**Student:** 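One structure, as structure tokens, below. Some questions next.
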Amino acid sequence: MNKKSVAPIKAPTGKKLVGAKKTTATPAPLATKKVTKTVIPSKKPIVQESESEEEDSDFEEVSSETPTKKSKLMDSDDDEEEESDDDFNKKNTKGFSDENQKWLKMKNKGEDDEDEEEEDEEDSDDDDEKTNFDIQSKKLVQKKRKEELDNIKEIQSDFNKEIPEADKFDPTQGDQSSEPEDTSESEDGSDGDVEEDESEEKKDNLLNVDLPMVYQRIKDVIQTLENFGQQRKQGISRQTYMDRLREDICTYFGYSQWLAEVFLKIFNASEALEFFEANETHRPLTIRANTLKVRRKDLAEALIARGVHLEPIKWSQVGLTIYDTQVAIGATPEYLAGQYIQQSASSFLPVLALAPQPNERVLDMCASPGGKTTYIAAMMKNTGTLVANDVNKDRIKSLVANIHRLGVKNCMVSNLDGRQYPSVLSGFDRVLVDAPCVGLGVISKDPQIKISKSEQDVITCTHTQKELLLKAIDSVDASSPTGGIIVYSTCSLTVEENEAVVDYALRNRDVIVVDTTIEFGVDGFTSFRESRFHPSLALTKRYYPHTHNMDGFYVAKLKKRSNIIPKDSEEQQQKSNKRKNSDTSSSDSESKPNKKQQINKSNNSNNNNKSNNNNNNNNTTKLSNKKKETKKNRYVKKQQPQQQKKK
Ligand SMILES: C[S@@+](CC[C@H](N)C(=O)[O-])C[C@H]1O[C@@H](n2cnc3c(N)ncnc32)[C@H](O)[C@@H]1O
């Protein structure tokens, strides 16, 4: 399978929903007034409206279980497997979108299931109501389609306008930017009135920008960059074109210079444009059926009966994309009964990679508000022990509410800094680190990110992410008969927050990168500008709004090979250096680290390094702080029997 070309969430037409190449229309830019109407076409999904990764934070938290007539609640101990789409096709439902008809067949078509018949009889009273609903639904669909067409016509008339040759970008003619002049350098910065005037002037200027012209120039410059040899103006450097492009991206889409540059480094110019455009539209609204309470097909039938147009997410056994709905998705009896949770499709991925098994010990280190925790519990079939942790006390409330509402019974919640973990509890079979991040994958949900985030935010996050990941690894038992697995994920896209963090873990712990087992996604970077990462980073996966029609995401799966913590790792050296700096009384001779030990990371390598690691244990770096030394040695000792047990 061509992994890069898979579009996992599709519109019922089978076309990718997002991707500027497919349409002549351009997305509504931040500064435009004209093209602001968001139309939900009849066969396009409803979009996610929440402002963050908190899947159901907008929803009322109620834990009552109120099964409806149509929705058969499963006993939470029910051992039934999640259904395949084939099973689903055998079942029936009132038809909605054409695509739904393929997937959910009409009732009473060759069904011989007695229960179904009984249920049909019961439901016959509802038929008139449903017919009425069908008519209303069709009218709504037609109205929306008309609105959509009108909107597209409006956009097209703007963007098909011929750009006068004189207005096109000519790098030989100096600065022709149509964006406002930079008035930030005020003559008298201390005068508040002057500043206010200038800011008003800026706003006015922004509204006067000829956005269609800027957009056309973005396309022209990209075209030139793609055929640079033939199309460049003589003597004009690629950098000049790139600078023009960045400026125009900032003007048109409203990004800070820094952030536009970040994405122009990650993507080539035309892909960057697709990415920026995708961020102007929301991702489809998706829900996850809670298999502790209901099967996806039963939930789908119940929701369809309420006037919800939906489709299964093809690559998931529990996901549904909502295309249109007559009812509030966060207030149906099925929702209140905990049969589903609103969860972005990308949020399924780390849990699929983690693949928790029944009866295991699993830690979700950064768990609130619990979208992934509750999915993990469902995959564990409410058995074993699941520990859900979050440092933020306020967010713990929504975590606990979701745990209750979804009927999770194998979970304990802790409110700690994840970095405390191995010293509080360890020996887990699997750990998920869904790390706090800058959130560059969720710009469509929170457009403020375009201007609010800075390089410093990335640096701060990266630091925490590295520490959390190392502690997550230390919390796992390498000799777990079923696991020894760590999954690291973020909803951000910088290489610093993703591949660089995993590479740091490879250099500091005895772990290897393994396949996520998710069949789609773009391979992680093994090199990025001046950085070089371990080749196995290609096994990690990136997800993009413009490629996969889901929030930007990163997923890496690690397998722990031994419980040994190299004493001369970068991490230890950094700690040691910190201590040296902070404790002037400690002499240099006391705190010098050992020579850096290289761990052989090759997946095919034998365990030669094991003896090195063991030797290294006796070679513990001297610590200036006695207390810390005692604690650390205790930890190493605690780990040794596990290492022996493994062999
Ligand atoms: C991306 S969100 C997690 C989303 C969650 N996994 C879900 O699926 O619903 C990151 C979480 O990490 C938490 N967090 C931040 N720093 C942390 C730390 N040092 N230890 C533990 N949790 C932390 C934040 O409070 C936030 O809830």
Side-chain angles (χ1 to χ4, degrees), residues 48 50-59 61 286-288 290 318-319 340-354 356 362-379 386-403 405-406 408 411 413-425 430-442 445-446 449 457 460-475 486-494 497-498 501 543 550-556:
Q48 294 173 18
S50 67
E51 294 247 306
S52 71
E53 237 242 321
E54 300 176 26
E55 274 83 24
D56 63 341
S57 54
D58 292 342
F59 293 171
E61 289 147 357
T286 48
I287 61 172
R288 176 176 58 79
N290 176 21
V318 291
Y340 64 90
I341 182 168
Q342 185 193 335
Q343 189 165 21
S344 58
S346 54
S347 277
F348 296 9
L349 301 169
V351 183
L352 289 175
L354 188 70
V362 179
L363 168 65
D364 186 355
M365 195 176 246
C366 307
S368 293
K372 296 179 192 76
T373 303
T374 50
Y375 191 10
I376 292 170
M379 286 177 88
L386 171 58
V387 180
N389 174 71
D390 202 282
V391 76
N392 186 322
K393 211 169 180 178
D394 286 339
R395 286 170 69 90
I396 289 271
K397 288 175 200 157
S398 49
L399 170 66
V400 171
N402 277 324
I403 285 171
R405 186 174 63 81
L406 274 75
V408 172
C411 185
V413 173
S414 66
N415 179 208
L416 295 168
D417 187 317
R419 290 169 283 201
Q420 287 174 263
Y421 243 85
S423 53
V424 174
L425 211 53
R430 290 165 209 260
V431 177
L432 173 63
V433 193
D434 187 33
C437 64
V438 177
L440 301 188
V442 291
K445 279 182 187 166
D446 183 5
I449 291 172
D457 293 322
T460 310
C461 266
T462 302
H463 182 73
T464 311
Q465 289 159 345
K466 284 177 179 168
E467 291 186 340
L468 284 169
L469 180 53
L470 291 198
K471 294 304 175 190
I473 294 168
D474 296 345
S475 306
I486 303 98
V487 167
Y488 174 79
S489 61
T490 73
C491 62
S492 204
L493 297 173
T494 62
E497 291 177 272
N498 296 318
V501 172
Y543 299 90
M550 56 173 75
D551 292 333
F553 227 83
Y554 175 77
V555 182

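The analysis underlying the following values was restricted to heavy atoms, covering all of them including side chains, and did not include hydrogens, waters or symmetry mates. From a predicted model like this one, the values you see are computed outputs, not experimental measurements. We count ligands from 1, going down the list as the structure has it; atoms in each ligand are counted the same way.
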**Student:** Heavy-atom distance to atom 5 (C) of ligand 1: which of Gly371, Ser347, Ser368, Pro436 wins?
**Tutor:** Ser368
**Student:** Are any of the N or O atoms of Gly418 closer than 3.5 Å to those of ligand 1?
**Tutor:** yes
**Student:** Do Ile473 and Tyr488 come close enough that some side-chain heavy atom pair is under 4.5 Å?
**Tutor:**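 No, side chains not in contact.
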**Student:** For Gln465, what residues pass the side chain to side chain donor-acceptor pair (under 3.5 Å) criterion, not counting sequence neighbours?
**Tutor:**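 Once residues adjacent in sequence are excluded, the partners of Gln465 under the side chain to side chain donor-acceptor pair (under 3.5 Å) criterion are Glu497.
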**Student:** Output, in order, the C-alpha distance, side-chain angles, deciding distance and verdict of side chain to side chain contact (heavy atoms under 4.5 Å, CB included) for Leu354 and Met379.
**Tutor:** CA-CA 10 Å; Leu354 188 70; Met379 286 177 88; over 6 Å; no
**Student:** Number the atoms of ligand 1 from 1 as they appear, then name those within less than 4.0 Å of a heavy atom of Met365, with their elements.
**Tutor:** 21 (C), 22 (N)
**Student:** If we only count N/O pairs under 3.5 Å, is Thr464 in contact with ligand 1?
**Tutor:** no
**Student:** Pull out every atom of ligand 1 sitting under 4.0 Å from any heavy atom of Arg395, numbered as shown with elements.
**Tutor:** 2 (S), 25 (O), 26 (C), 27 (O)
**Student:** Side-chain donor-acceptor pair under 3.5 Å between Arg288 and Ser347, yes or no?
**Tutor:**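 No - no donor-acceptor pair under 3.5 Å links their side chains.
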**Student:** Considering only heavy atoms, does Cys491 approach ligand 1 within less than 4.0 Å through its side chain, its backbone, both, or neither?
**Tutor:** neither
**Student:** What atoms of ligand 1 come within less than 4.0 Å of a heavy atom belonging to Asn392?
**Tutor:** 25 (O)
**Student:** For Asn498, what residues pass the side chain to side chain donor-acceptor pair (under 3.5 Å) criterion, not counting sequence neighbours?
**Tutor:**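 Scan of Asn498 (side chain to side chain donor-acceptor pair (under 3.5 Å), adjacent residues dropped) gives Thr490.
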**Student:** For ligand 1, which part of Asn389 has a heavy atom less than 4.0 Å away: the side chain, the backbone, both, or neither?
**Tutor:**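 The answer is the side chain.
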**Student:** Can you figure out which of Asp394, Val433, Ile376, Asp417 has its heavy atom closest to atom 19 (N) of ligand 1?
**Tutor:** Asp417
**Student:** Could Asp364 and Lys372 be called an ion pair, given the rule that one side-chain N must be under 4.0 Å from one carboxylate O?
**Tutor:** no
**Student:** Flag the pair Tyr543 / Tyr554 as yes when their ring centroid distance falls below 6.0 Å, and as no otherwise.
**Tutor:**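 Aromatic pair excluded; centres sit 6.0 Å or further apart.
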